[in-house]
Amino acid sequence: LVLRLKFLNDTERLARVRPGDTVGALKRTYFPGQEQQVRLIYQGQLLRDDAQSLAGLHLGHLSVLHCHLSPPSAAPTAPGTPGPRSPTPAALGVGSLALPLFVLLLALLWYLQLQHRHVFTATATTCLAGLTLLVTFVAFAMYRR
């Protein structure tokens with residue numbers, strides 16, 4: 001038995017099958033790895049049951065099966081659990097403002113250290129210098145990409 005697989009872009013493929021084959025076997029043979037994305041339609045009816053035999057559909061020689069390939073989707077999630085989010089434009093949030101706020105805070109601390117040396121001990125100045133180096137390395141690592 002030869003079937004015509006017709007796609008939305010009007011291209012066709014011929015499929016050699018046996019009447020005892022199932023809809024699922026047809027999908028596995030001609031759409032390997034895409035069984036979940038392919039939808040087969042015969043005489044206006046979506047073939048949902050992969051266990052249904054082709055003989056049960058009364059397909060004749062050169063019958064047309066319309067094929068719709070949907071884009072691959074993420075794994076289905078259980079009801080009530082959030083699925084993966086689609087990429088959205090980055091919103092202005094705390095994460096995107098963290099580094100500029102640290103730089104501003106460090107600049108303020110260095111200003112205070114230079115203007116009021118008597119308040120800062122040697123340990124505090126050393127810690128401020130170390131923190132400045134750490135934030136500098138983080139800034140270069142973040143914006144290097």
Side-chain angles (χ1 to χ4, degrees), residues 1-115 119-120 123-145:
L1 186 63
V2 176
L3 300 176
R4 292 172 40 204
L5 302 176
K6 189 168 184 175
F7 297 89
L8 292 177
N9 60 1
D10 285 333
T11 59
E12 287 189 14
R13 274 174 66 183
L14 294 179
R16 295 191 181 277
V17 295
R18 292 181 299 236
D21 288 347
T22 62
V23 173
L26 175 70
K27 287 181 183 180
R28 281 189 299 278
T29 304
Y30 290 95
F31 304 98
Q34 297 177 317
E35 296 91 354
Q36 299 300 320
Q37 287 88 30
V38 69
R39 303 286 180 254
L40 297 176
I41 301 165
Y42 178 64
Q43 292 183 341
Q45 298 295 317
L46 179 63
L47 304 180
R48 288 190 175 97
D49 186 13
D50 284 350
Q52 185 176 19
S53 71
L54 298 176
L57 295 171
H58 307 293
L59 295 170
H61 184 69
L62 293 178
S63 292
V64 176
L65 281 176
H66 293 276
C67 303
H68 175 262
L69 285 171
S70 59
S73 61
T77 58
T81 59
R85 295 184 181 188
S86 61
T88 57
L92 189 62
V94 176
S96 62
L97 293 177
L99 190 63
L101 287 175
F102 278 130
V103 170
L104 186 63
L105 181 64
L106 281 174
L108 177 67
L109 286 173
W110 276 111
Y111 173 78
L112 290 174
Q113 198 277 341
L114 292 173
Q115 293 298 318
V119 178
F120 286 82
T123 306
T125 303
T126 304
C127 289
L128 183 60
L131 188 62
T132 302
L133 281 174
L134 179 69
V135 169
T136 303
F137 287 132
V138 168
F140 279 112
M142 281 179 61
Y143 293 109
R144 189 173 138 193
R145 302 185 246 147

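Along the sequence shown, the residues carry numbers beginning at 1.
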**Asked** Are the side chain of S53 and the backbone N or O of G20 linked by a donor-acceptor pair below 3.5 Å?
**Response**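 No, the answer is negative, given that no donor and acceptor are paired below the 3.5 Å cut-off.
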
**Message:** For the backbone of Q36 and the side chain of R39, can you confirm whether one donor and one acceptor N or O come within less than 3.5 Å of each other?
**Reply:**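 Yes, because the side chain of R39 sits within donor-acceptor range (under 3.5 Å) of the backbone of Q36.
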
**Asked** How far apart are the C-alpha atoms of R16 and L1, what are their side-chain angles, what is the distance that settles it, and do they pass the side chain to side chain contact (heavy atoms under 4.5 Å, CB included) test?
**Response** CA-CA 6 Å; R16 295 191 181 277; L1 186 63; over 6 Å; no

First locate atom [atom1] of [X], then atom [atom2] of [Y], and finally report the distance between them rounded to the nearest 0.5 Å.
| X | Y | atom1 | atom2 | result |
| --- | --- | --- | --- | --- |
| T29 | E35 | OG1 | CD | 9.0 Å |
| L3 | Y30 | CG | OH | 8.0 Å |
| L65 | L57 | CG | CG | 8.0 Å |
| Q43 | H58 | CD | NE2 | 9.5 Å |
| Y42 | L59 | OH | CG | 5.0 Å |
| S63 | K6 | OG | NZ | 13.5 Å |

**Prompt:** Are side-chain N/O atoms of T22 and Q52 paired as donor and acceptor at under 3.5 Å?
**Reply:**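 No, no side-chain donor-acceptor contact under 3.5 Å.
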
**Asked** side chain to side chain contact (heavy atoms under 4.5 Å, CB included) between L106 and L128: does it pass, once the steps are laid out?
**Response** CA-CA 8 Å; L106 281 174; L128 183 60; 3.7 Å; yes

**Asked** Are there more than 12 heavy atoms of other residues, nucleotides or ligands under 6.0 Å from atom CZ of F102?
**Response**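 No - once you tally the heavy atoms of other residues, nucleotides and ligands closer than 6.0 Å, there are 12 at most.
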
[X] versus [Y]: any side-chain heavy-atom pair under 4.5 Å?
| X | Y | answer |
| --- | --- | --- |
| L26 | L40 | yes |
| K27 | D50 | yes |
| I41 | L47 | no |
| R4 | L14 | yes |

**Message:** Looking at F31, I'd like to know if the NZ or CZ of R13 sits under 6.0 Å from its six-membered ring centre while staying within 45 degrees of the ring's axis.
**Reply:**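 Output yes; distance and angle both within limits.
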
**Prompt:** So T125 and Q113, side chain to side chain contact (heavy atoms under 4.5 Å, CB included) or not? Walk me through it.
**Reply:** CA-CA 8 Å; T125 303; Q113 198 277 341; 3.2 Å; yes

